[in-house]
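Quick caveat, the model's predicted, so the values are computed rather than measured. In what follows, chains carry the letters A, B, and so on, assigned in the order in which the sequence lines appear, proteins first and then strands, with residues in each chain numbered from 1. When reading the values below, keep in mind they use all heavy atoms of this one structure, side chains included, and skip hydrogens, waters and symmetry mates.
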Number of protein chains: 2
Amino acid sequence: MKVSKQKMAEHREQIITAAAKRFREKGFNGIGVADLMKEVGLTHGGFYGHFGSKEELIGMASQRALCESTKKWKKVIEEAPDRPLEVFSRYYLSRRHQMHPETGCLFASLGSELDRQPRSVKEAVMEEQLTIFDLLSRIVPGRTKAVKRKQAIVVLAGLIGGMILARSVPDDVLSEEILETVSSSIPNCVHADGT
Amino acid sequence: MKVSKQKMAEHREQIITAAAKRFREKGFNGIGVADLMKEVGLTHGGFYGHFGSKEELIGMASQRALCESTKKWKKVIEEAPDRPLEVFSRYYLSRRHQMHPETGCLFASLGSELDRQPRSVKEAVMEEQLTIFDLLSRIVPGRTKAVKRKQAIVVLAGLIGGMILARSVPDDVLSEEILETVSSSIPNCVHADGT
DNA sequence: ATTATCTATAGATCTATAGATAATGC
DNA sequence: ATTATCTATAGATCTATAGATAATGC
């Protein structure tokens with residue numbers, strides 16, 4: 001029943017990856033350790049050889065989810081050297097993102113649960129959050145670094161709130177209106193203060 | 001053990017009120033029927049004389065929470081006839097609101113859980129959401145009703161996202177920076193497009 | 001007589017641990 | 001010999017129901 005050290009490391013990665021997906025899909029309380037382990041092909045007892053607690057996994061999985069998003073966003077931005085902010089906003093506020101929280105932004109799928117997580121989880125999240133601020137700082141207008149950072153925060157807040165509002169509504173027409181309205185507002189909004 | 005019809009109606013209200021508070025504080029899964037009933041001074045078995053299921057209570061409590069917020073916001077806005085938008089934004093993005101999710105905006109405390117709730121809950125939420133759009137439409141700049149509505153959506157999205165970002169972080173300095181940055185951006189941001 | 005609430009419990013979860021098992025890696 | 005995983009289970013939840021109890025309201 002024992003597996004090689006390398007296999008074990010793979011298992012650990014698989015558990016984190018599955019958790020990052022299912023937590024975003026079902027919430028931190030929406031899936032249990034047993035089901036996660038079953039998805040990876042292991043039994044639930046084995047979980048505690050990899051992690052000290054579910055809480056520890058929540059921290060790892062949250063960081064993983066945000067890190068994945070940052071990578072994807074970087075790619076999207078690099079592939080649109082002109083108007084990167086507009087392209088990124090549309091990408092974030094797309095119908096596709098709305099319908100697939102399990103592979104999307106952690107703040108949109110679990111943001112309001114983060115405040116109720118232990119400090120260790122919030123610390124892991126903050127680390128990635130700062131990276132995202134830096135990434136967005138490069139594509140928003142603004143004369144100084146400080147202004148760009150502010151713009152990045154404002155943009156991210158608008159995107160997260162827009163997606164949460166759109167997802168919270170059972171009416172497709174209204175949720176599409178929300179996505180379209182917020183994403184249209186961003187380039188304009190941002191130009192006002194900075195450049 | 002039976003109580004009068006009026007007392008029973010009061011109990012029902014108390015259950016909804018307690019739920020609206022505790023759900024925002026601990027999440028929809030963070031408090032159970034038994035504890036809610038204990039808070040009201042009843043036993044858990046009695047719950048199902050008032051509601052068919054916990055899900056039904058989640059719908060009622062969500063609507064209640066949003067309705068309370070709308071009332072408070074209306075008051076805040078009416079008490080600041082000049083610069084209502086700025087005053088409201090500062091009120092929403094205050095440290096006080098950050099520290100008290102249990103009496104604050106449902107979208108900030110439970111927004112990302114709403115997508116995982118059954119349709120009946122989302123319908124109850126949407127009803128109040130439209131009222132909020134109307135309320136904010138009155139204080140944002142814009143030449144036409146359509147533009148004002150769009151501005152209202154953009155503002156609400158920014159506020160919700162800003163509060164969620166601020167709460168998700170374990171560092172007081174960073175979270176205050178987020179609140180201040182987003183709330184400073186709103187009057188500017190909004191003037192750009194509309195009036 | 002009706003019924004709001006209580007007591008007791010069923011049945012399903014869920015996190016975590018203990019000890020057994022069997023494969024790795026010295 | 002060490003250890004990653006499995007089996008089995010403890011102990012704590014949680015939603016929901018059934019039947020008893022006692023107060024209301026006809």
*Round to the nearest Å and state the distance from E56(B) atom CD to dT15(D) atom C1'.*
14 Å
*Run through K26(B), R116(B), R24(B), R167(B) and flag the one making a salt bridge (Lys or Arg N to Asp or Glu O under 4.0 Å) with E113(A).*
R116(B)
_Separation of dA16(D) C1' from M37(B) CE (nearest whole Å)_ = 13 Å
*asked:* Quiz question: by atom type and distance under 3.5 Å, do the side chains of S168(A) and Q129(B) form a donor-acceptor pair?
replied: yes
*CZ of F28(B) versus C1' of dC14(D): gap in Å, rounded?*
17 Å
_For the CE atom of M126(B) and the CD atom of E123(B), what is their distance to the nearest 0.5 Å?_
6.5 Å
*asked:* What is the separation between atom NZ on K26(B) and atom C1' on dC14(D), rounded to the nearest whole Å?
replied: 15 Å
*Candidates dC14(D), dT24(D), dA22(C) - which lies nearest the side chain of D35(B)*: dC14(D)
*Write down the distance between CD1 (I15(B)) and C1' (dA4(C)), rounded to a whole number of angstrom.*
11 Å
_Can you confirm if the aromatic rings of Y91(A) and W73(A) lie within a centre distance of less than 6.0 Å?_
no
_Within this structure, what is the OG1-CD distance for the pair T181(B) and E176(B), rounded to the nearest 0.5 Å?_
10.5 Å
*Taking the side chain of K54(A) as its heavy atoms from C-beta onward, which of dC14(D), dG25(D), dT15(C) lies nearest to it?*
dT15(C)
*Would you kindly say whether R90(A) and S183(A) are connected by a side-chain donor-acceptor distance under 3.5 Å?*
yes
*So what does G45(A) touch, heavy atoms closer than 4.0 Å: a base, only the sugar-phosphate, or nothing?*
base
_Integer-rounded Å distance: dT17(C) P and F51(A) CZ_ = 15 Å
*Counting any heavy atom closer than 4.0 Å, what does T43(A) reach on the DNA or RNA strands: base, sugar-phosphate only, or nothing?*
base
*More 5' along DNA chain C: G30(A) or G46(A), using each one's nearest nucleotide?*
G30(A)
*When the distance from CD of Q6(A) to C1' of dT24(C) is rounded to whole Å, what number comes out?*
13 Å
*Report the distance from atom CG of N29(B) to atom C1' of dT15(C), rounded to the nearest whole Å.*
15 Å
_Modelled atom types, side-chain donor and acceptor of E180(B) and S184(B), under 3.5 Å_ = yes
_Under-4.0 Å side-chain N/O to phosphate OP1/OP2 contact, H50(B) with dT5(C)_ = yes
_Under 3.5 Å: donor-acceptor pair, side chain of H97(A), backbone of Y92(A)_ = yes
_Of the listed nucleotides (dT24(D), dA4(C), dA8(D)), which one gets closest to any side-chain atom of S4(B)?_
dT24(D)
*asked:* Within the 4.0 Å heavy-atom criterion, would you say K5(B) contacts the bases, only the backbone, or no part of the nucleic acid?
replied: sugar-phosphate
_Taking the nucleotide of DNA chain D with the nearest heavy atom to each, does K2(B) or F47(B) sit closer to the 5' end?_
F47(B)
*asked:* Output the pairing pattern of DNA chain C as a dot-bracket string, 5' first, Watson-Crick or G-U wobble with both distances under 3.5 Å, | for cross-strand pairs, [ ] for crossing pairs.
replied: ||||||||||||||||||||||||..
_Phosphate-side-chain proximity, Y48(A) and dA16(C), N/O vs OP1/OP2 below 4.0 Å_ = yes
